[in-house]
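Just below is one structure, and these are the notes that go with it.
Keep in mind that the numbers below use all heavy atoms, side chains included, and drop hydrogens, waters and symmetry copies.
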Amino acid sequence: MTSRSSSAPASLLLLSRVAAAVLGGYALASATAIFLASVLPASRAEGVVAGMQLSFVVYTLAVIWAFSPVSPARAWAGLLLPAAVLAGLGWSLGLRGVGG
């Protein structure tokens, strides 16, 4: 007999993980692309293309993380916190680079 540590139904836990994989993974992949486009030592166009290509790897890893055997809250936090940090850094570094 298995005991569940959460009182939420299994379908809601699965829905949370699917949403984390789709939405959180997208947020993390986008933030990674923005960050890499602003820090890679190449032209702006090459940095954007490289960031977008690497974001596919990040998205795949984010989906794997969302379905890892950690709590759904930890899965969400593990996706959204790095996404927020990378997006903030990419945005601030990108603004600094615009002014010259």
Side-chain angles (χ1 to χ4, degrees):
M1 186 197 261
T2 61
S3 65
R4 202 177 314 189
S5 62
S6 175
S7 62
S11 60
L12 287 179
L13 294 175
L14 179 63
L15 181 63
S16 176
R17 289 187 185 272
V18 169
V22 173
L23 301 174
Y26 178 78
L28 183 59
S30 298
T32 302
I34 291 168
F35 175 73
L36 290 175
S38 64
V39 298
L40 288 176
S43 70
R44 178 70 74 179
E46 289 173 351
V48 169
V49 170
M52 289 301 297
Q53 288 177 341
L54 289 172
S55 73
F56 289 108
V57 175
V58 171
Y59 187 79
T60 303
L61 293 173
V63 170
I64 292 170
W65 169 253
F67 288 99
S68 67
V70 297
S71 70
R74 187 167 176 204
W76 274 103
L79 294 171
L80 295 181
L81 290 176
V85 169
L86 287 173
L89 286 173
W91 181 72
S92 66
L93 293 173
L95 283 181
R96 189 170 17 160
V98 169

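- For Phe56, the CZ atom sits in a loose shell: 12 or fewer heavy atoms of surrounding residues, nucleotides or ligands are nearer than 6.0 Å.
- Going from atom CG of Leu61 over to atom OG1 of Thr32 covers 10.0 Å, rounded to the nearest 0.5 Å.
- Considering all non-hydrogen atoms of both residues, Ala87 and Ala31 come closest at N-CB, 3.7 Å.
- Contact detail for Glu46 and Ala42: the closest heavy-atom pair is OE1-CB, 3.5 Å.
- Side-chain heavy atoms closer than 4.5 Å link hydrophobic residues (I, L, V, M, F, W, Y) into clusters, and following such links, possibly through other members, connects Leu54 to Leu93.
- At a threshold of 4.5 Å between side-chain heavy atoms, the hydrophobic network of Ile, Leu, Val, Met, Phe, Trp and Tyr places Val49 and Val39 in two separate groups.
- Taking each heavy atom of Ala29 and Tyr59 in turn, the nearest pair found is CB-CB, 4.0 Å.
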Side chains of residues 12-27: which donor-acceptor pairs under 3.5 Å do they make with residues two or more places apart or in other chains?
| residue | atom | partner | partner atom | Å |
| --- | --- | --- | --- | --- |
| Ser16 | OG | Trp76 | NE1 | 3.0 |
| Arg17 | NH1 | Ala66 | O | 2.9 |
| Arg17 | NH1 | Ser68 | O | 3.1 |
| Arg17 | NH1 | Val70 | O | 3.2 |
| Arg17 | NH2 | Val70 | O | 2.2 |

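- Nearest heavy-atom pair, Pro82 versus Ala77, reported as atom, atom and distance to 0.1 Å: CD-O, 3.6 Å.
- Across all their heavy atoms, Arg44 and Ser38 have their closest contact at NH1-CA, 4.3 Å.
- Atom CG of residue Leu86 and atom CG of residue Leu28 lie 6.5 Å apart, to the nearest 0.5 angstrom.
- Note on Val58 and Trp65: same hydrophobic cluster, where clusters join Ile, Leu, Val, Met, Phe, Trp and Tyr whose side-chain heavy atoms are under 4.5 Å apart, directly or indirectly.
- Counting all heavy atoms, side chain and backbone alike, Leu40 lies closest to Gly51 at CD1-N, 4.4 Å.
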